[in-house]
Amino acid sequence: MFQLACDLSGVVVEATLKELLPAIINWGNKLDHILTVLLSHIVGSAQRCPPLSGVEGSVESHLRVLGERERWNLDVLLKMLAELLPYVHQKAIETCPFTPVLESNVTIFSSSILELYAGGHVEWPAFEWMHVDCFSGLLQLACLLPQKEDNLRNRTTKFLLGVSECFGDSYLMHIMLPVFLVSVGDDAGLTFFPPNIHSRIKGLRPRTAVAERLATLGILPLLLAGVLGSPGMREPLADYLRKLLVEGAMKENQFTPHNIDIVNAVRFLCTFEEHHGMIFNILWEMVVSSNVEMKISAANILKVIVPYTDAKVASTHVLPALITLGSDQNLNVKYASIDAFGAVAQHFKNDMIVDKIRVQMDAFLEDGSHEATIAVVRSLVVAVPHTTERLRDYLLSKIFQLTSTTVSATDVMRRRQRANAFCEAIRAMDATDLSANGIRDFLLPAIQNLLKDPDALDPAHKEALEIILKERSGGTFEALSKVMGAHLGIASSMTSFFGEGGLLGKKESTESPTEPVESPKAVAAPAPAEDTRFMRIMRVTDMLRGKAKNQEETH
């Protein structure tokens, strides 16, 4: 049965879960054996995968790199666990030692029954399996999954929500919640647990710094979305989030890995739309706070939850919060908001949103600081492959303006930082569809401006810029020289690279200013047919890997 359940055919899996699994349970009365084997398969499937890192003792050495087959198997096994939930629930009811089996389907797991269970005078193994064995196995799995395994985390969360719905609010509050609170290192009362299993529940508490971080990475998202995320726990969830985000930020003096892990847990909670309103209420409390760390945390959370919002939420909640943070006097808060604006630009093409982003980026650039300039360019570069032509042209125009501004000749470090940011942006935009006007008016002049300061350029960037310049100008350097001269109103400096003794520049300066008007359109024509957009993307990737020369020779 387990072999069929993990078959690569979805039809086979569906038939196994819906037909074969119930038949085996009803025919052979093997529920206990199936549950034991299932938990073993779930944990073992993840444990057999290679670690994320070979550095012994690190957090990454505990996380596993799942292959496609292992990911498929785990997803199916968690589906099987969900299919078995009604059977587990029914058996717990049938074996209840405190009350006769009820004829109706109402839950019997009330507070009074749980108090009797906590006395420890009788055994109830069918009931204990869920919170002693099952939860322990799922918590173990959670601490093996890296951040990107949201689908499996989501599958586990839905199972936990099913448990709370099936077993009732008393079980959720008095049994489930304490187990998960202890597992993330928080305090919880064990009043409703019999004394003989106290040690097993307390044993779930993380004891080392690595275990604490693994708990925050893997278990906290399940606590928020799968336990506190139940419909009857809205107020406890809000209280817990405030304690986590508001009080936690006030205790921290800097943004630590622990903060990052908490931000990721909140991000996962945002994959469930029903929690958005509550999360934004708490984020606004953080945005208007006087605490700097709290504001930075708010900016980082806003950045990561953008993909789970729609244009309306982004306009009414995300952007107003970011604009407020962007006007903060503290530079760290301001720069954190710039990164978040980049995430908004990456995910939305709405004209109103794009216009608001442009206005805010102008305000950042008017600041004139070196750090703000770098932050703006790099935040928008992230959005380049996904955003509108309008925003790409905006970024191109800003890069042209910024490269036209001279920087202190003595500050080589800053010149290199600026040049690197501008080169990364240009190379990213070269892999997209740019308008002819954008190429002629901004891209080519910006590249020429950068090439004027070779000391500030990384050799790989310099080579890439020269190739882009050649291809985007149609490959004719004399024509390119004329375009540059016409655009800038001066003799082209490109002759220092491609001419002899600057003769083209001299010739250019004597030409009529009206003569080159038609030439830019011809020169800014699309690259030769054989050099497709895909080839440009591949070339940029290869150059970043240091293989540019080999690729050009092959070409």
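Any value given below was found using the heavy atoms of this structure, including those in side chains, with hydrogens, waters and symmetry copies removed. Note that the structure is predicted; figures quoted are calculated from it, not measured.
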For a salt bridge (Lys or Arg N to Asp or Glu O under 4.0 Å) check, start with the C-alpha distance between D339 and R378, then their side-chain angles and the critical distance, and finish with the verdict.
CA-CA 8 Å; D339 283 344; R378 289 200 162 134; over 6 Å; no

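- Here the CG-CG distance, from L241 to L283, works out to 9.0 Å after rounding to the nearest 0.5 Å.
- A perpendicular orientation is assigned to the rings of H276 and F280, their planes being inclined by more than 60° (bins at 30° and 60°).
- For CD of E285, the number of neighbouring non-hydrogen atoms (other residues, nucleotides, ligands) closer than 6.0 Å is greater than 12.
- Using a 4.0 Å cut-off between charged nitrogen and carboxylate oxygen, R242 and E247 do not count as a salt-bridge pair.
- Heavy atoms from other residues, nucleotides or ligands lying under 6.0 Å from CD of E274 number more than 12.
- Considering only residues two or more places apart in sequence or on other chains, S40 meets the side-chain hydrogen bond (donor to acceptor under 3.5 Å, both in side chains) condition with none of them.
- Within a 6.0 Å radius of CG in N151, no more than 12 heavy atoms belonging to other residues, nucleotides or ligands are found.
- Distance CG/L204 to NZ/K202: 12.0 Å, rounded to 0.5 Å.
- A salt bridge links E83 and K18; the closest N-O separation between the charged side-chain nitrogens and carboxylate oxygens is under 4.0 Å.
- No donor-acceptor pair closer than 3.5 Å links the side chain of N154 to the backbone N or O of D150.
- Atom CZ of residue R234 and atom CG of residue D239 lie 14.0 Å apart, to the nearest 0.5 angstrom.
- Classified by interplanar angle (parallel below 30°, tilted 30° to 60°, perpendicular above 60°), the ring pair F127/F109 is parallel.
- With hydrogens and angles left out, the side-chain atoms of S53 and S61 include no donor and acceptor closer than 3.5 Å.
- Residue pairs satisfying the side chain to side chain donor-acceptor pair (under 3.5 Å) criterion with at least one member in residues 168-194, sequence neighbours excluded, are listed as follows: S111-S170, H131-Y171, D186-Y240.
- With values rounded to the nearest 0.5 angstrom, I305 atom CD1 is found 4.0 Å from C270 atom SG.
- Note on residues 303-325: pairs passing side chain to side chain donor-acceptor pair (under 3.5 Å), not counting sequence neighbours, are R267-Y308.
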Take E94 and K91 through the test salt bridge (Lys or Arg N to Asp or Glu O under 4.0 Å) and record every step on the way to the result.
CA-CA 5 Å; E94 292 172 354; K91 187 169 184 179; over 6 Å; no

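- Within 6.0 Å of atom CD in E60, more than 12 heavy atoms from other residues, nucleotides or ligands are found, so the atom counts as buried in its surroundings.
- Shown here is E70, whose CD atom has more than 12 heavy atoms of other residues, nucleotides or ligands within 6.0 Å.
- Nearest approach of G137 to V43, heavy atoms of both residues: O-CG2, 3.7 Å.
- When ring centroids are compared, H275 and F268 stay outside the 6.0 Å threshold.
- Residue S45 holds its OG atom at 11.5 Å from CG of D75, rounded to the nearest 0.5 Å.
- Here the shortest heavy-atom pairing between F348 and A311 reads CE2-N, 3.4 Å.
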